[in-house]
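Have a look at the structure below, then the notes.
Predicted, not measured: the structure shown is a model, and the values here were computed from it.
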There are 2 protein chains.
Amino acid sequence: MSQKIESTNLGAPRVCPIADALDVVGERWSLLVLRELGFGVHRFKDIQINTGAPRETLALRLRKLEECGVIERRRYHDHPPRDEYVLTARGRELGPVLTALREWGERISGGAAERGPAA
Amino acid sequence: MSQKIESTNLGAPRVCPIADALDVVGERWSLLVLRELGFGVHRFKDIQINTGAPRETLALRLRKLEECGVIERRRYHDHPPRDEYVLTARGRELGPVLTALREWGERISGGAAERGPAA
DNA sequence: ATTTGTCGGTTCGATTTTCGAACCCACTCA
DNA sequence: TGAGTGGGTTCGAAAATCGAACCGACAAAT
């Protein structure tokens, strides 16, 4: 971040791909959901326990991520209908975000690193 | 993300550096604030306009980021007291997160890339 | 000299989001 | 048969965010 960018005060919020990305994955729990999928955890109950997300919020997040093409559902049981969730190619492209967050998080907590998704 | 990780259901949310990182920067507006500082925008009013954050929320975020050692205040005027905000070394280490988000955001929106902070 | 405008907040009620408890139904298992 | 599981949904409570208004110390305009 040594590159200096002119401040841009256009009187309106800056239009920026970072903001676009955060519109999709910036809500509470979304990135942790994606972390779990990357770890190979795909079922609602498991995602819910591992992230700590409340079930309704998790259901909302999964729905939104699916609508945005980041994840998709796969039926693993028909009676009753049971879906698991997997990353799409687009979702997998968020790997570098998660990796960067993990590396920064390791620095600030200085704790034991947990094996995470490789970029 | 080709590496397969065993699911871990310990009955409690997973302890993970990603979650630690999101505790610091995962709140609404925080990463956009850091984006602005990386762009060389340091003053409250400018950050506020460029991010679109409401002023109270922005004040809260700046305070928290300062407490977490991600940013610091610098006095640029004494009467009245006026501070601007700069990234600490720790804050600059979030560059890869912002870069990864930008790159992903560019993919999903397919729009014109805006010059952003270099990692 | 006076008035208006700017800045960086703070205050506060309204709105939105998140949360936790309870409920639902279709199964599976003891 | 009754208890448990899974993936939700419902709903009121709690928390977070928001937008409007206010504040005081200046600076700029008149």
Side-chain angles (χ1 to χ4, degrees), chain A residues 7-14 19 22-37 40-68 71-86, chain B residues 7-14 19 22-37 40-68 71-86:
Chain A
S7 72
T8 301
N9 292 335
L10 301 175
R14 189 191 294 270
L22 290 173
D23 281 344
V24 176
V25 302
E27 287 174 317
R28 180 144 168 81
W29 303 117
S30 295
L31 284 169
L32 291 182
V33 168
L34 300 177
R35 175 196 71 185
E36 290 303 313
L37 298 186
V41 178
H42 297 289
R43 297 188 177 186
F44 190 97
K45 182 69 182 285
D46 296 333
I47 296 166
Q48 195 260 316
I49 288 176
N50 285 358
T51 57
R55 283 152 64 183
E56 185 187 4
T57 311
L58 179 56
L60 286 174
R61 296 291 177 275
L62 289 167
R63 214 172 290 151
K64 175 168 177 175
L65 291 169
E66 187 186 1
E67 281 163 13
C68 293
I71 68 174
E72 65 193 6
R73 291 169 185 250
R74 293 226 183 118
R75 183 63 40 103
Y76 74 88
H77 203 264
D78 268 327
H79 300 288
R82 293 281 181 255
D83 294 331
E84 54 186 20
Y85 300 88
V86 297
Chain B
S7 72
T8 301
N9 293 334
L10 302 176
R14 189 190 294 270
L22 291 173
D23 282 344
V24 176
V25 301
E27 287 173 317
R28 181 148 167 78
W29 303 118
S30 296
L31 284 169
L32 292 183
V33 168
L34 299 176
R35 175 196 72 185
E36 289 304 311
L37 298 186
V41 179
H42 297 289
R43 296 189 177 187
F44 190 96
K45 183 69 183 287
D46 296 333
I47 296 166
Q48 195 261 314
I49 289 176
N50 286 358
T51 57
R55 284 153 59 187
E56 186 187 5
T57 311
L58 178 57
L60 286 173
R61 293 293 174 275
L62 290 167
R63 214 172 291 150
K64 175 165 178 177
L65 291 169
E66 187 187 2
E67 283 163 12
C68 292
I71 67 174
E72 63 194 6
R73 290 168 184 252
R74 292 227 184 118
R75 184 61 38 101
Y76 74 88
H77 203 263
D78 269 326
H79 300 288
R82 291 278 182 254
D83 293 331
E84 56 186 19
Y85 300 87
V86 298

Rounded to the nearest angstrom, tell me the gap between atom [atom1] in [X] and atom [atom2] in [N].
{"X": "B:Gln48", "N": "D:dC18", "atom1": "CD", "atom2": "P", "value": "11 Å"}
{"X": "A:Leu58", "N": "D:dG7", "atom1": "CG", "atom2": "P", "value": "10 Å"}
{"X": "A:Lys45", "N": "D:dG4", "atom1": "NZ", "atom2": "P", "value": "13 Å"}
{"X": "B:Tyr76", "N": "D:dC26", "atom1": "OH", "atom2": "P", "value": "13 Å"}
{"X": "A:Ile49", "N": "D:dT5", "atom1": "CD1", "atom2": "P", "value": "10 Å"}
{"X": "A:Asp46", "N": "D:dG8", "atom1": "CG", "atom2": "P", "value": "13 Å"}

[X] side chain N/O closer than 4.0 Å to the phosphate oxygens (OP1, OP2) of [N]?
{"X": "B:His77", "N": "D:dA27", "answer": "yes"}
{"X": "B:Thr57", "N": "D:dT17", "answer": "no"}
{"X": "B:His79", "N": "D:dC26", "answer": "yes"}
{"X": "A:Arg75", "N": "D:dG7", "answer": "no"}

key: Segment of DNA chain C, first to last nucleotide, that comes within the 4.0 Å heavy-atom reach of chain B   =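 Footprint of chain B along DNA chain C, 5' to 3': C:dC7 to C:dC12.
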
message = Under the rule for salt bridge (charged side-chain N to carboxylate O under 4.0 Å, His left out), what residues qualify as partners of A:Arg82, not counting sequence neighbours?
response =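 Partners of A:Arg82 by the salt bridge (charged side-chain N to carboxylate O under 4.0 Å, His left out) criterion come out as none, since no residue qualifies.
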
ask   = Taking for each residue the nucleotide of DNA chain D bearing the nearest heavy atom, is the 5' side occupied by B:Pro80 or by B:Pro54?
value =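 In this pair, the answer is B:Pro54.
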
query = Where each residue is assigned the nucleotide of DNA chain C containing its nearest heavy atom, which of A:Pro81 and A:Arg61 is assigned the position nearer the 5′ end?
reply =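 In this pair, the answer is A:Arg61.
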
First of A:Arg28 and B:Arg43 reached from the 5' end of DNA chain C, by closest nucleotide =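 Nearest nucleotide further toward 5': that of B:Arg43.
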
request  = Evaluate the side-chain proximity of A:Tyr85 to A:Arg73: yes if any heavy-atom separation is below 4.5 Å, no if none is.
outcome  =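 Yes, close enough: below the 4.5 Å cut-off.
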
query = Would you call A:Ile71 and A:Leu34 a side-chain contact if the rule is heavy atoms closer than 4.5 Å?
reply =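 Yes. Closest side-chain heavy atoms under 4.5 Å.
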
request  = Look at the side chain of A:Arg82 and decide which nucleotide, out of D:dA27, D:dG6, D:dG8, has an atom nearest to it.
outcome  =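 For A:Arg82, the side-chain atoms sit closest to D:dG6.
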
query = Can you tell which of D:dG19, D:dG8, D:dC26 lies closest to the side chain of B:Glu56?
reply =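 Ranking D:dG19, D:dG8, D:dC26 by closest atom to the B:Glu56 side chain puts D:dG19 first.
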
All N/O donor-acceptor pairs, side-chain side in residues 56-65 of chain A, below 3.5 Å, sequence neighbours left out:
from: A:Arg61; atom 1: NE; to: A:Arg28; atom 2: O; distance (Å): 2.8
from: A:Lys64; atom 1: NZ; to: A:Asp23; atom 2: O; distance (Å): 2.8

message = One thing to verify: whether A:Glu84 and A:Arg74 come together as a salt bridge, which I'm taking to mean a side-chain N less than 4.0 angstrom from a carboxylate O.
response =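 A:Glu84 and A:Arg74: not salt-bridged.
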
NE2 on B:His42 to CG on B:Leu37, rounded to 0.5 Å =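 Here the interatomic distance stands at 6.5 Å.
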
request  = Please confirm whether the backbone N or O of B:Ala53 pairs with a side-chain atom of B:Gln48, one donor and one acceptor, at under 3.5 Å?
outcome  =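 Indeed, once roles are kept as given, a pair shorter than 3.5 Å links the two residues.
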
